[in-house]
Amino acid sequence: MSAVNDTKFQRAVILLTGIPGQEKFHVWISIPFCLIYIISILGNSVILFIIKIDPKLHEPMYIFLSMLAITDIGISVSTLPTVLSIFWFNSREISFNACFAQLFFIHWFTLIESSVLLSMAFDRFVAICNPLRYDSILTAPRIAKMALVSLLRGVALIFPLPILLKQYQYCHANVLSHSYCLNQEVMKMACSDIRAHSIYSFFGTLASLGLDILLILLSYVMILKAVLSITSHAERLKALNTCVSHICVVLLFYMLSISLSVIHRFVKNLSPLVQTVMGNVYLLVPPLMNPIVYSVKTKAIRVRIIRVFIK
């Protein structure tokens with residue numbers, strides 16, 4: 001009898017969570033979620049379209065912006081199926097293999113977005129601190145290599161996670177607190193020893209998001225130093241204004257990433273509703289806000305959008 005009790009078992013499915021305690025309003029709650037997805041995907045698609053059709057925008061700054069838009073579309077598409085299936089059909093079940101695939105793409109696109117934000121910081125650094133060599137430093141082949149490194153780094157760091165998770169036995173509660181799968185939550189369901197997995201995840205985050213944050217901060221310290229050396233007040237403002245959009249996007253992305261990581265690792269008694277809302281904000285708001293920020297704050301994008309849609 002004790003042998004039966006000690007036997008670890010493998011659950012067949014994982015249960016996702018919509019908005020705790022608000023299940024009867026899920027159909028109505030789905031309306032703002034649908035609007036967010038539509039605006040996110042259409043907004044980023046418009047950015048891509050504008051950059052593609054205008055040869056004047058085929059510059060490093062806008063190429064990096066198009067990479068950011070593609071990444072945001074990827075993040076939205078990764079979460080859309082499970083989020084809407086919960087709110088529309090109350091379909092909370094997801095198989096382990098589908099969950100592992102989803103968490104791979106979510107974390108992969110998140111790391112790519114961090115890499116793109118770092119590349120955009122480097123672009124602003126070169127443009128302000130070494131403008132005469134801008135075109136010779138940020139050449140098309142070099143930008144392509146930066147994009148390839150971003151993709152490969154994401155795969156190298158994230159691909160081991162679903163492989164490790166697949167080896168575990170799962171016997172703890174199989175209900176996640178979000179409408180999608182995250183590595184931080186899935187690994188807590190395992191009844192196997194997950195210390196190696198947890199350590200790898202922690203240092204992988206430090207080596208990717210942590211390193212990117214430090215390099216972006218370093219870039220802006222050097223940018224600020226170069227801007228302060230400019231004698232003309234108008235030129236200082238002009239230089240800083242080219243960084244405003246990127247700074248807004250960086251703050252939004254990393255503040256939400258750090259907040260959710262802290263919640264999962266250190267906060268034990270947080271309300272399920274707050275945790276669920278934070279998780280949805282973390283993955284839904286950046287893809288929504290990024291095209292809006294760049295459309296409003298970047299004159300070249302704003303003017304061309306107006307020319308295309310209002311003529």
Counting only heavy atoms not in F49 (residues, nucleotides, ligands), do more than 12 fall under 6.0 Å from its CZ?
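No, CZ of F49 has 12 or fewer neighbouring heavy atoms, counting only those of other groups under 6.0 Å.
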query: Hey, is NZ on K188 packed in by over 12 heavy atoms from elsewhere, all under 6.0 Å?
result: yes
Please check: side-chain N/O of [X] versus main-chain N/O of [Y], any donor-acceptor pairing under 3.5 Å?
X	Y	answer
T17	L176	yes
N44	S40	yes
H178	L16	no
S177	T276	no
N183	L103	no
Y200	L157	yes
Y170	L165	yes

Residue pairs passing the disulfide bond (SG atoms under 2.5 Å apart) test with at least one member in residues 36-146, sequence neighbours excluded, are C99-C181
Write down the atom of [X], the atom of [Y], and the distance for their closest heavy-atom approach.
X	Y	answer
L84	C34	CD2-SG, 3.9 Å
P81	V77	CD-O, 3.1 Å
L273	I19	CD1-CG2, 3.5 Å
I73	S45	CD1-OG, 3.8 Å
L111	S208	CD2-OG, 3.4 Å
Y62	L57	CB-O, 3.0 Å

Please tabulate, one pair per line, all N/O donor-acceptor pairs under 3.5 Å involving side-chain atoms of residues 292-301, not counting sequence neighbours.
| unit_1 | atom_1 | unit_2 | atom_2 | d |
| --- | --- | --- | --- | --- |
| S295 | OG | P291 | O | 2.6 |
| T298 | OG1 | Y294 | O | 3.2 |

Less than 4.5 Å apart, side chain to side chain, heavy atoms only: is that true for [X] and [Y]?
X	Y	value
I199	F202	no
R304	K56	yes
M120	V250	no
I213	I258	yes
I128	C243	yes
I143	F64	yes
F122	I137	yes
I47	D72	no

*Between L283 and V83, is a side chain to side chain contact (heavy atoms under 4.5 Å, CB included) present by the stated rule, with each step listed?*
CA-CA 11 Å; L283 286 182; V83 171; over 6 Å; no
Are [Y] and [X] co-members of a hydrophobic cluster defined by side-chain heavy atoms under 4.5 Å apart?
X	Y	result
V281	I31	no
W28	L35	yes
M146	L215	yes
L218	L251	yes
V277	L284	yes

Fill in: Q184 and S201 side chains, donor-acceptor separation under 3.5 Å
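No - no donor-acceptor pair under 3.5 Å links their side chains.
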Parallel, tilted or perpendicular: rings of F100 and F96 (30°, 60°):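 Because their plane-to-plane angle is over 60°, the rings of F96 and F100 count as perpendicular.
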Would you call the rings of H26 and F87 parallel, tilted or perpendicular if under 30° counts as parallel and over 60° as perpendicular?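 Aromatic pair H26/F87 classed perpendicular.
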About how many Å separate [atom2] of [Y] and [atom1] of [X], when rounded to the nearest 0.5 Å?
X	Y	atom1	atom2	value
S257	E113	OG	CD	8.0 Å
K24	I29	NZ	CD1	11.0 Å
Y180	I86	OH	CD1	10.5 Å
L209	S114	CG	OG	4.5 Å
L182	L161	CG	CG	11.5 Å
Q275	E185	CD	CD	5.5 Å

| said: Can you list, by chain and residue number, the hydrophobic cluster partners of I38 when the side-chain cut-off is 4.5 Å? | reply: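 Members other than I38 - counting any ILVMFWY side chain reachable under 4.5 Å - are L42.
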Check: Residues in side chain to side chain donor-acceptor pair (under 3.5 Å) with H246, at least two apart?
Finding: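 Side chain to side chain donor-acceptor pair (under 3.5 Å) list for H246, sorted by chain: Y220.
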For residues 133-151, the side-chain hydrogen bond (donor to acceptor under 3.5 Å, both in side chains) pairs (sequence neighbours left out) are D123-Y134
Residue pairs passing the side-chain hydrogen bond (donor to acceptor under 3.5 Å, both in side chains) test with at least one member in residues 88-111, sequence neighbours excluded, are S30-W88, T82-Q102, N97-K166
| message | Working note: T79 + Y37, criterion side chain to side chain contact (heavy atoms under 4.5 Å, CB included); need CA distance, chi angles, decisive distance, verdict. | response | CA-CA 10 Å; T79 60; Y37 278 119; 2.8 Å; yes
Output yes when D212 and R153 qualify as a salt bridge under the 4.0 Å nitrogen-oxygen rule, no when they do not. yes
